[in-house]
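Worksheet: one structure, shown below.
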Amino acid sequence: VGERRRPSVERGAPVTISFDGRAVRGFAGEPAAVALLAAGRPLLGRSIKYHRPRGAFCFEGHCGACLVRVDGLPNQRACVEPCREGLALEGQNAFPSAELDALGAVDLAFPGGMDHHTLMTGSHILNAVTRKVVRRLSGLGRVPDRPAPPAAPGEDLAVDVAIVGGGPAGLAAAEACARARLATALFDDQPELGGSLLADLDGGPGRAAAAIAGARAAGAALHPGAVAIGAFADDGGVVAIATADRLVRVRARATIHATGGYPQNRRFADNDRPGVIAARAAARLLVRHGVVPGERVVVVGDQPDALRLAAALAAAGATVAGVDGVRERIVGVEGARAVAGAIVEDARGARRTIPCDAIAIDAPAAPASELWRQQGGAVELRPAAGGFAAVVDADGRGAGPGAWACGDVAGYVGPRAAAAAGARTGAAVARALGGA
Amino acid sequence: VSRKIVVCRCEDVTEADVVHAIERGYGDLEEVKRYTGFGTGPCQGKECHALVASLIAERTDRAPAKVAPFTARPPLQPTSLALLAAADRDDEGAP
């Protein structure tokens with residue numbers, strides 16, 4: 001099936017997709033960015049200002065690294081766009097193509113960055129010209145080829161418990177609430193339920209299937225592809241959910257925030273080069289999609305997740321080098337359009353380059369606490385926990401009466417502990433609402 | 001390509017841009033966001049918010065717990081305007 005693919009997963013029918021006019025083989029249903037990476041093509045487009053080469057990083061529909069034009073629609077995430085026969089992707093912000101972008105020179109013109117407040121402000125005329133040029137050069141895609149299809153009218157939904165997030169914590173909470181005969185609806189922004197379990201090297205996809213089956217059997221309504229786009233504290237805590245074709249206003253007696261966390265990058269030169277991906281993305285590629293991100297992979301990090309990933313990639317036949325990020329740090333990347341090496345530095349300042357075609361960065365996932373904050377929940381910046389973690393008690397209770405949080409959103413704990421926290425919070429919510 | 005440490009990919013904001021803003025006296029996330037534009041792109045801070053927060057804590061020598069997040073405004077994910085246009089108006093809600 002190809003040198004980066006492994007026969008470890010079931011795949012859909014073979015299909016042909018295209019990127020900037022070139023045919024690429026994929027399998028029906030797998031994300032387009034996965035098919036492209038498996039074909040050794042991590043480059044997906046150019047960046048908004050400097051036209052730097054860009055490729056997918058998180059592979060879970062959260063960061064903004066993999067935006068492409070899909071069948072004439074701009075700014076679609078290639079990492080969640082399913083492959084089907086004839087799917088046509090185009091790299092954005094590039095002329096003539098993402099591979100050979102003539103505007104990449106903008107990057108060289110501003111080596112340190114750009115302060116647009118003082119960009120050529122010495123002269124009115126020069127400033128006006130500069131603004132005009134910059135506006136032509138920068139931007140995010142072109143407008144769609146055709147008008148959007150009409151959406152269905154908005155809907156209202158009232159439930160006992162609304163759960164946002166369909167990973168280990170959310171699914172466990174849903175099962176506990178539904179078992180207590182509470183009307184329970186779970187919403188997940190991804191096309192496929194399971195969250196971080198789908199990237200868990202320890203049998204995650206199987207455990208995701210079991211957790212989904214458990215929640216469904218208990219009677220919870222599970223909605224994948226349902227994105228919580230906002231919570232409105234001044235309107236009784238209503239949560240707005242965007243589905244593929246309509247907006248749903250959800251009112252619940254209790255909202256459980258099981259939104260997990262977002263993979264994070266580290267700070268090093270050219271950390272945005274295509275082929276630099278999150279460690280969790282590499283794990284997801286392996287266990288969910290049967291793809292190794294490269295033939296030679298550098299894994300950065302000294303935590304158990306990073307060590308497990310390095311071992312799993314090696315077992316899958318990749319050549320793996322570990323950089324612990326403590327005694328030896330990654331400081332840069334070789335390769336103009338895609339990763340060709342990792343530049344690392346030891347404690348004495350000695351540098352060496354490790355040749356590779358992928359770099360997997362492990363760092364604690366940043367708690368996805370925006371919706372929680374919108375419902376009035378408190379957060380605290382805890383760098384070791386990944387970022388702004390929801391502040392809750394042992395049961396997941398926050399400051400407000402109807403808002404609860406569990407799992408990685410309260411600080412990174414990983415899928416097993418998140419599932420336990422979800423079950424605990426689900427049971428506490430059932431007690432609080434007087435479930436059966 | 002030039003060597004840049006990118007902290008916000010969506011808006012091409014570099015570590016140097018953030019440090020420059022801090023040096024100009026913008027010391028919290030809300031101010032640095034407004035000055036550099038970090039966190040205002042399609043991902044709305046999912047990749048950069050925590051990273052820049054840690055950078056600010058480091059550079060301003062503040063305890064992390066003293067760094068407040070920026071305000072997260074809806075929509076939290078890119079949303080088709082057609083969905084919003086088709087939803088009926090909620091005249092009873094807050095203005």
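Reminder, nothing fancy here: chain letters follow the sequence lines and each chain counts from 1.
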Tell me the closest heavy-atom pair linking A:Gly386 and B:Ala50, and the distance in Å.
O-CB, 3.3 Å
Under 4.5 Å to a heavy atom of chain B? For A:Ile343 that would be side chain
Looking at every non-hydrogen atom in both residues, tell me the closest pair between A:Ala242 and B:Leu83 and how far apart they are.
CB-CD1, 3.7 Å
Under a 4.5 Å heavy-atom cut-off, does chain B meet the side chain of A:Ala240, its backbone, both or neither?
neither
Do you know which two heavy atoms are closest between A:Pro383 and B:Pro64, and how far apart they sit?
CD-CB, 3.7 Å
Chain B interface, residue from A:Glu380, A:Arg54, A:Arg77, A:Glu155 that has the most non-hydrogen pairs under 4.5 Å
A:Arg54
Does any backbone or side-chain atom of A:Ala378 lie under 4.5 Å from a heavy atom of chain B? Answer side chain, backbone, both or neither.
neither
For A:Val333, is it the side chain, the backbone, both, or neither that has a heavy atom closer than 4.5 Å to a heavy atom of chain B?
backbone
Segment of A:Ala65 engaging chain B (4.5 angstrom heavy-atom cut-off):
both
Residues of residues 66-78 of chain B within contact distance of chain A, non-hydrogen under 4.5 Å
B:Val67, B:Ala68, B:Pro69, B:Phe70, B:Thr71, B:Ala72, B:Arg73, B:Pro74, B:Pro75, B:Leu76, B:Gln77, B:Pro78
A:Ala368, A:Ala269, A:Pro149, A:Gly387: which one forms the most heavy-atom pairs within less than 4.5 Å of chain B?
A:Ala269
Which atoms of A:Asn75 approach chain B - backbone, side chain, both or neither, heavy atom under 4.5 Å:
neither
If I take atom CG from residue B:Leu84 and atom CD1 from residue A:Ile229, how far apart are they, to the nearest 0.5 angstrom?
5.5 Å
To the nearest 0.5 angstrom, please state how far the CZ atom of A:Arg52 sits from the OG1 atom of B:Thr14.
9.0 Å
Contacting region of A:Arg373 [heavy-atom separation from chain B under 4.5 Å]
side chain
Where is the tightest heavy-atom contact between B:Cys10 and A:Ile48, given as atom of each residue plus distance?
O-CG2, 3.0 Å
Under a 4.0 Å N-O cut-off, is there an ion pair linking A:Asp272 with B:Lys4?
no
Output for pair (A:Arg267 CZ, B:Glu15 CD), nearest 0.5 Å, gives 5.0 Å
Taking A:Phe232, A:Tyr262, A:Phe268 one by one, which has the highest count of heavy-atom pairs under 4.5 Å against chain B?
A:Tyr262
Heavy-atom distances under 4.5 Å only: say whether A:Pro367 touches chain B with side chain, backbone, both or neither.
neither
Look up atom NE2 in A:His51 and atom CG in B:Asp12, then write down how far apart they are to the nearest 0.5 Å.
9.0 Å
With a 4.5 angstrom heavy-atom cut-off, is it the side chain or the backbone of A:Gln264 that approaches chain B, or both, or neither?
side chain
Which region of A:Thr243, side chain (C-beta onward) or backbone (N, CA, C, O), has a non-hydrogen atom less than 4.5 Å from a non-hydrogen atom of chain B, or is it both or neither?
backbone
With a 4.5 angstrom heavy-atom cut-off, is it the side chain or the backbone of A:Leu371 that approaches chain B, or both, or neither?
both
